[in-house]
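What you see is a predicted model, and the numbers here were worked out from it, not measured in a lab. These numbers come from the heavy atoms of this one structure, side chains and all, not from hydrogens, waters or symmetry mates.
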Amino acid sequence: MDFVDRPTRNIFFTGKGGVGKTSLACTTAITLADRGQKVLLVSTDPASNLDEVLGTALTHRPTPVPSVPNLWALNINPATAARDFRERMLAPYRGVLPEAALVSMEEQFSGSCTVEIAAFDQFSRLLGDCQSTADFDHVVFDTAPTGHTLRLLSLPRAWDGFLQANTTGTSCLGPLAGLQAQQQLYQNTVQALTDPDTTTLILVSRPESAALNEAQRTSQELAALGVNNQHLVINGVFQATDKDDPVAQALEKQVQESLRQVPQRFAHLPCTIVPLVAHALLGVDALRAFAQNRPVEPPFEPRIAVPQLPTLAALVDELAQTERGVILTMGKGGVGKTTVAAAIAVALAERGFPVYLTTTDPAAHVAATIGGELPNLKVSRIDPRTETAAYTAEVMATAGASLDEQGKLLLQEDLRSPCTEEIAVFRAFAQAVAGGKNGFVVLDTAPTGHTILLLDAALAYHREVSRHASRMPESVEQLLPRLRDPNFTRVLIVTLPEPTPVHEAVSLQQDLVRAGIRPFAWVINHCLTPLTVSDPVLRARQMREADYIREAMEQEAQRVVLIPWQTEPPMGADRLRKLLTVVQQSPVVAQKPSTDEGMATAANESTQSVRGRREHQPQPGWSKPSPLEPSSAGSRQSGELN
């Protein structure tokens, strides 16, 4: 891999959720550190799982990874960054301004805008302040899924431009004196991002059309920002070794069809192909084995029976009984939230209900997933640019209506702040939720961290919206009560039968419960468990699923639904319908495969002790009842896939 053999100082990994950014970022950091380079590994994802993958408890400050000399890692924590940023902005005025003025300034710095710019400020220091990373030879960034990352990478230019053009001395963050001191830092950050000798941007994709489409869009948007030193990595490329396994053959064919698209789309980029591995990439030993392309010795695994679980069709049956309301799909990036949301929307629309399908994910494209128009179904997305323009026009028509010409110019300048986009998206989200009064609203949310920040920021957004509006919109005022009402909103936590997606889903569930929102169901997507497979890699991955399916069954929601792995991408209404017809016929027993068949499994589970609030140790037994009954529609043999 050129970007490892000839590394720049900064290396970014970005891409659609679930494509393997964290695994590749960790592997790259460990490889460079093992060569004697001092490396800082940074996660910018609000829902980071870096500590679990490395097996090391991390904070917002560089922490040495014990088993890798020369490697340090940190998570950019938005809440901690906001607290430090707020104090840095207020410190010069303590003892100078009256207490009442300090209280007013602190209130201005308590909003969601502060959280965003504080995390961005910490990120900028790592890139634009040479002294902050002077002890390191390389800084490797494991970023949030694409939409959030593009927002982060666009902020240096946005804030620098806003500070240069602003003449009022104020912003949604209060006085600009503190921010203007950061202007040189933001300019240095822009310079570092766009310098090909300093920064490499690694676009990570799976060999799937949706992931490759997003990588292509991201490449174009990064180029527009001036980030041109890009490298494409296609991760998880499966090659069948058992020619008698029809599932393996179908999956290999799907992969090869996707790979044929690559030369036309990415002819201008260097490309690296990374094979699909059988073992879980948890712990330094497993990551080193991955980097060196050697197998991991499988530990002993007892036989674990996986019970028959309901289908997505049974879940839709129960959702349809309310005849209206909001359905939210939530979870880690790449688990299939958009697919599940689209399949549910199609099923409800075909039952005659009015359905509105939309998304808060800046990188999601729900219309492409549906593939065309259907009766009773309206499809759109919450587009940040469109919502920002609409919000700005509304504020100018209301709060700006009574201002003189100079006042209107000042208000227009204030609204050019990058924070305005966050407010506009929040209001659009609240308006979409309000639509559940008149029919079904199916909301495909952004990946976990971005969604939790959106929900946690409700009161802060209330204050910020009130600053520009004479009264609170009803949709904003009622947002939290509606989200907390189990008869109005049903949250579906979507996950995969793998450690990181399940543990992040557990963490998401805890955040939701603290906010007074209880999940309605867990949907375990992309499962091999119901299928008959003989290919060594697929059998090894199938064997590992049982523990994580059981862990999901022991969570807060009383409903657990399983969706088998599909050999064809579920794009278009016909393939989405098939997600509702596959049914598990009988319990599957997962057991340790014989080593002479070459099936390696997860070897390093030592990270359990550092999972923190993600960890939920599975308990013996499968006695938890489900109110859903498995659907009998479209029964198939267990080895058959759509």
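- Looking at heavy atoms from C-beta onward, Glu545 lies out of side-chain contact with Ile524 at the 4.5 angstrom threshold.
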Query - side chain to side chain contact (heavy atoms under 4.5 Å, CB included) assessment of Leu126 paired with Phe141 - result: CA-CA 10 Å; Leu126 294 169; Phe141 291 88; 4.0 Å; yes
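- A pairwise comparison of heavy atoms in Pro7 and Leu32 identifies CG-CD2, 3.9 Å as the closest pair.
- Look at Arg35 and Asp5 and you find a salt bridge, because one of the NZ, NE, NH1 or NH2 atoms lies within 4.0 Å of a carboxylate O, short of that distance.
- In this pair, His231 and Phe3 present their aromatic rings perpendicular. The plane angle is above 60°, beyond the 30 to 60° band.
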Report task. Apply side chain to side chain contact (heavy atoms under 4.5 Å, CB included) to the pair Trp565 and Leu538, showing each step before the final yes or no. Result -> CA-CA 11 Å; Trp565 198 352; Leu538 296 186; 3.6 Å; yes
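- Taking 4.5 Å as the limit, every side-chain heavy atom of Val537 sits out of range of all side-chain heavy atoms of Val277.
- Side chains of Phe12 and Val227 form no contact here, defined as non-hydrogen atoms less than 4.5 Å apart.
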Query raised in the report: Can you list the steps and then say if Val19 with Lys21 is a side chain to side chain contact (heavy atoms under 4.5 Å, CB included)?
Result: CA-CA 6 Å; Val19 295; Lys21 298 183 297 295; 3.8 Å; yes
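- Gln131 CD: 12 or fewer foreign heavy atoms inside a 6.0 Å radius.
- For Thr241 and Asp535, the side-chain atoms include at least one donor-acceptor pair closer than 3.5 Å.
- A donor-acceptor distance shorter than 3.5 angstrom exists from the side chain of Asn229 to the backbone of Thr199, with no hydrogens or angles considered.
- What you find for Leu312 and Leu579 is that their closest heavy atoms are CB-O, 3.9 Å.
- For the pair Val274 and Phe290, the tightest heavy-atom approach, listed with the atom from each and the gap, is CG1-CZ, 3.4 Å.
- With hydrogens and angles disregarded, no donor-acceptor distance shorter than 3.5 Å links the side chain of Asn75 to the backbone of Ser43.
- At distances below 3.5 Å, not a single donor-acceptor pair connects side-chain atoms of Gln542 with backbone N or O atoms of Pro530.
- A 4.5 Å side-chain heavy-atom check between Gln566 and Thr339 finds every atom pair outside the cut-off.
- At least one side-chain heavy atom of Arg541 sits under 4.5 Å from a side-chain heavy atom of Leu276.
- Distance check: Ile202 CD1 to Asp142 CG gives 12.5 Å after rounding to the nearest 0.5 Å.
- Rounded to the nearest 0.5 angstrom, Gln249 CD and Asp244 CG are separated by 8.0 Å.
- Proximity of a side-chain donor or acceptor of Gln555 to a complementary backbone N or O of Glu551 within less than 3.5 Å is detected.
- Note that CD of Gln37 and NE2 of His138 are 4.0 Å apart. Values are rounded to the nearest 0.5 Å.
- Side-chain contact between Asn525 and Leu496: present, with at least one pair of heavy atoms (C-beta onward) separated by less than 4.5 Å.
- A side-chain hydrogen bond (donor to acceptor under 3.5 Å, both in side chains) with Thr338 is found for one member of Thr359, Asp444, Thr329 and no other, namely Asp444.
- Note that the CD1 atom of Ile11 and the CZ atom of Arg9 stand 11.0 Å from one another [nearest 0.5 Å].
- Salt-bridge formation is not detected for the pair Glu498/Arg544: no Lys NZ or Arg NE/NH1/NH2 atom is positioned less than 4.0 Å from an Asp or Glu carboxylate oxygen.
- In summary, Asp34 and Arg288 engage in a salt bridge, as defined by a charged side-chain N under 4.0 Å from a carboxylate O.
- Of all the heavy atoms in Ala33 and Val39, the pair that sits closest is N-CG2, 3.8 Å.
- Here the side chains of Leu203 and Thr14 are in contact, with some heavy-atom distance below 4.5 Å.
- Residues Cys26 and Leu50 meet the side-chain proximity criterion, which asks for heavy atoms closer than 4.5 Å.
- Side-chain contact of Thr198 with Asn10: a donor-acceptor pair under 3.5 Å is absent, judged by distance alone.
- Side-chain contact of Ser219 with Arg265: a donor-acceptor pair under 3.5 Å is absent, judged by distance alone.
- Note: Met330 CE to Asp511 CG = 10.5 Å, rounded to the nearest 0.5 Å.
- With hydrogens and angles disregarded, no donor-acceptor distance shorter than 3.5 Å links the side chain of Ser534 to the backbone of Thr532.
- Under the 3.5 Å distance criterion, the side-chain polar atoms of Thr8 are matched with a main-chain donor or acceptor of Thr200.
- For Ser507 (side chain) and His503 (main-chain N/O), no donor-acceptor pair under 3.5 Å exists by modelled atom type.
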Query raised in the report: Please walk me through it: do Val340 and Ile563 pass side chain to side chain contact (heavy atoms under 4.5 Å, CB included)?
Result: CA-CA 9 Å; Val340 172; Ile563 301 176; 4.1 Å; yes
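- In this structure, the side chain of Lys38 does not engage the main chain of Asp135 through any donor-acceptor pair within 3.5 Å.
- Between Ser209 and Gln261 the shortest heavy-atom distance is OG-NE2, 3.3 Å.
- Summarising the geometry, atom CD belonging to Glu504 is positioned 11.0 Å from atom CD1 belonging to Ile493; distances are rounded to the nearest 0.5 Å.
- Nearest heavy-atom pair, Val53 versus Thr22, reported as atom, atom and distance to 0.1 Å: CG2-CG2, 3.9 Å.
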